[in-house]
Amino acid sequence: MAASVLGSAWPQLPFGIPGLCRCRLPRGPWARARRLPGPAGSGRSVGAASGPGASGTDRYCMELLRKRDYEGYLCSLLLPSESRSSAFALRAFNVELAQIKDSISEKTIGLMRMQFWKKTLDDIYSDNPPHQPVAIELWKAVKRHNLTKRWLMKIIDEREKNLDDKAYRNIQELENYAENTQSSLLYLTLEILGVKDLHADHAASHIGKAQGIVTCLRATPYHGSRRRVFLPMDICMLHGVSQEDFLRKNQDKNVRDVIYDIASQAHLHLKHARSFHKTVPVKAFPAFLHTVALEDYLKKIQQVDFDIFHPSLQQKNTLLPLSLYIQSWRRRY
């Protein structure tokens, strides 16, 4: 994962801002690439849940998403109308699981909450969801689109394993986590859109891995404020960087090299996903709109010379809704 191997992953930016990329790295081919200018069987039916109160559960999922996963909220809004509520339910389910780790004081409590969702999934597929807003909406989505239980269970299992506050041993471990969480979400979104296609699945796998890596990078300042570092240890060791360097917000060249290598891997996954562009059904493209936000972050981190703690990386992109709409209108990902 040396930077010399990954340097070619980054293309020239279409619109650079002079002065933003004054790198402090050694000169060489890869350095030039880096200086870029730019009860069971109750027999309930979906219809039974669409009476009084159903819109309340739908709104609950939307609000949860808007507050906790704004990018997922925006992307879900751009899905076909018949798929939207199911996508909200799916991503709200993911948010419920994701926020368990940060809301517990000890692992045992987290394991109990994960067990609740495992039991909830069993009840949903037994047509007997509990009276919990996300569970009710997820049940409706499962009934409408015959969603694969295995993908939903993978998300729970992987997040359960991740309750331990341990750094990823290597980049492959981070990618496996992303595959079982973010990619699984995309496989389910494709099912919601009625897409069954091998090329779309391959693209979803790479996009999910890219999203998992970018999420890890974006969360680094937050985790650092809580005295935690989850970045892959193999890359840190490669550049002689310790966890303490990130806790002290060290901005030395070696620290930036670590971020560069990790970000390059995310960029390569996006590149691989787009290599399937001509063979992926157009119907699948709305599932992949997250690439807009991923690319936006990767461009920003280039422009600040891979300074993971730069204030600009923590600012919300106010133009993201417009960028997403344009990408949706162009039918690209």
Side-chain angles (χ1 to χ4, degrees), residues 1-10 23 25-26 30-31 33-34 98 101-102 107 154-155 157-185 205-273 290 293-295 297-302 304-310 313-314:
M1 193 55 63
S4 57
V5 177
L6 296 175
S8 60
W10 296 89
C23 300
L25 304 173
W30 69 270
R34 185 166 170 175
K101 184 174 181 176
D102 287 332
K107 184 179 176 181
K154 268 183 178 287
I155 299 172
D157 288 340
E158 195 64 33
R159 291 201 178 276
E160 183 177 73
K161 286 191 291 185
N162 197 244
L163 288 174
D164 293 315
D165 283 336
K166 295 180 181 178
Y168 299 103
R169 288 176 295 180
N170 49 54
I171 192 72
Q172 289 76 25
E173 199 171 85
L174 172 54
E175 288 176 334
N176 288 337
Y177 173 77
E179 167 70 28
N180 289 327
T181 53
Q182 301 297 341
S183 297
S184 292
L185 274 176
S205 177
H206 285 295
I207 293 170
K209 287 174 182 175
Q211 187 166 4
I213 294 170
V214 167
T215 299
C216 183
L217 288 172
R218 291 172 73 173
T220 295
Y222 167 74
H223 289 143
S225 69
R226 304 184 70 182
R227 306 287 301 171
R228 297 172 180 173
V229 179
F230 297 111
L231 298 174
M233 290 187 292
D234 63 335
I235 299 180
C236 292
M237 292 172 63
L238 178 67
H239 295 288
V241 174
S242 68
Q243 291 191 350
E244 193 63 31
D245 287 317
F246 285 100
L247 296 179
R248 294 199 311 263
K249 299 185 178 181
N250 192 327
Q251 297 180 15
D252 288 351
K253 180 188 79 67
N254 287 357
V255 173
R256 295 184 185 222
D257 283 351
V258 169
I259 302 305
Y260 168 75
D261 278 6
I262 298 172
S264 291
Q265 193 69 1
H267 183 85
L268 281 173
H269 280 299
L270 274 185
K271 188 176 179 181
H272 287 317
H290 279 82
L294 299 181
E295 189 168 40
Y297 179 83
L298 291 173
K299 284 181 178 178
K300 283 181 178 178
I301 204 168
Q302 284 177 289
V304 298
D305 190 17
F306 302 92
D307 175 10
I308 194 70
F309 299 105
H310 198 281
L313 297 178
Q314 304 302 316

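Predicted model, so just to flag it, every value in this text is computed and none were measured.
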Rounding to 0.5 Å, atoms CD1 (Ile213) and NE2 (His269) come to a distance of 4.5 Å
Tell me yes or no: between the side chains of Asp245 and Ser242, is some donor less than 3.5 Å from an acceptor?
yes
Can any side-chain N or O of Arg159 pair as donor or acceptor with the backbone N or O of Thr181 at less than 3.5 Å?
no
Quick one: does any side-chain atom of Arg169 pair with a main-chain N or O of Met233 as donor and acceptor, under 3.5 Å?
no
Is any side-chain N of the basic residue among Lys101 and Glu160 closer than 4.0 Å to the acidic one's carboxylate O?
no
When rounded to the nearest 0.5 Å, the distance separating CD of Gln302 from NE2 of His267 is 7.0 Å
Under 4.5 Å between any side-chain heavy atoms of His239 and Asp261, yes or no?
yes
For the residue pair His223 and Phe230, does the interplanar ring angle fall in the parallel (under 30°), tilted (30 to 60°) or perpendicular (over 60°) class?
perpendicular
Smallest separation among heavy atoms of Gly212 and Ala178, with atom names
CA-CB, 3.6 Å
Of all the heavy-atom pairs spanning Ala167 and Leu231, show the shortest one and how long it is.
CB-O, 3.8 Å
CZ of Arg226: more than 12 outside heavy atoms within 6.0 angstrom?
yes
Point-to-point distance, once rounded to the nearest 0.5 Å, from CD of Glu179 to CD of Gln172
13.5 Å
Please assess Leu185 against Gln211 for the test side chain to side chain contact (heavy atoms under 4.5 Å, CB included), listing each intermediate value before the final yes or no.
CA-CA 11 Å; Leu185 274 176; Gln211 187 166 4; over 6 Å; no
Nearest-0.5 Å distance that lies between atom NZ in Lys161 and atom CD in Glu158:
4.0 Å
Distance check, rounded to the nearest 0.5 Å: Leu217 atom CG versus Ile301 atom CD1?
5.5 Å
Donor-acceptor pair, Lys107 side chain versus Leu163 backbone, under 3.5 Å?
no
Residues Tyr260 and Arg256: side-chain donor-acceptor under 3.5 angstrom:
no
Minimal non-hydrogen separation, Ala266 against Ala210, with atom names
O-CB, 3.6 Å
Got a donor-acceptor contact below 3.5 angstrom from the Asp252 side chain to the Asn254 backbone?
no
Assess the side chains of His290 and Gln182: does a donor N or O sit below 3.5 Å from an acceptor N or O?
no
Going through the distances and angles, do Cys216 and Ile262 end up as a side chain to side chain contact (heavy atoms under 4.5 Å, CB included)?
CA-CA 10 Å; Cys216 183; Ile262 298 172; over 6 Å; no
Of the non-hydrogen atoms in Ser205 and Ser183, which two are nearest, and what is the gap between them?
O-OG, 3.0 Å
I would like to know whether Phe246 and Ile259 meet side chain to side chain contact (heavy atoms under 4.5 Å, CB included); could you show each step before the answer?
CA-CA 11 Å; Phe246 285 100; Ile259 302 305; 3.8 Å; yes
For a quick test of reading the model, state the closest non-hydrogen atom pair linking Asn170 to Pro232 and the distance between them.
C-CB, 3.7 Å
Quick one: pull up CG in Asp257 and CG in Leu238 and give me the separation to the nearest 0.5 Å.
9.0 Å
Test item: Asn180 side-chain N/O and Lys154 main-chain N/O as donor-acceptor pair under 3.5 Å:
no
Test Asn176 against Tyr168 for side chain to side chain contact (heavy atoms under 4.5 Å, CB included), laying out the working first.
CA-CA 10 Å; Asn176 288 337; Tyr168 299 103; over 6 Å; no
Sub-3.5 Å donor-acceptor pair from the side chain of Asp307 to the main-chain atoms of Phe309, do we have one?
yes
Might you work through the salt bridge (charged side-chain N to carboxylate O under 4.0 Å, His left out) test for Arg227 and Glu244, ending with a clear yes or no?
CA-CA 9 Å; Arg227 306 287 301 171; Glu244 193 63 31; 3.8 Å; yes
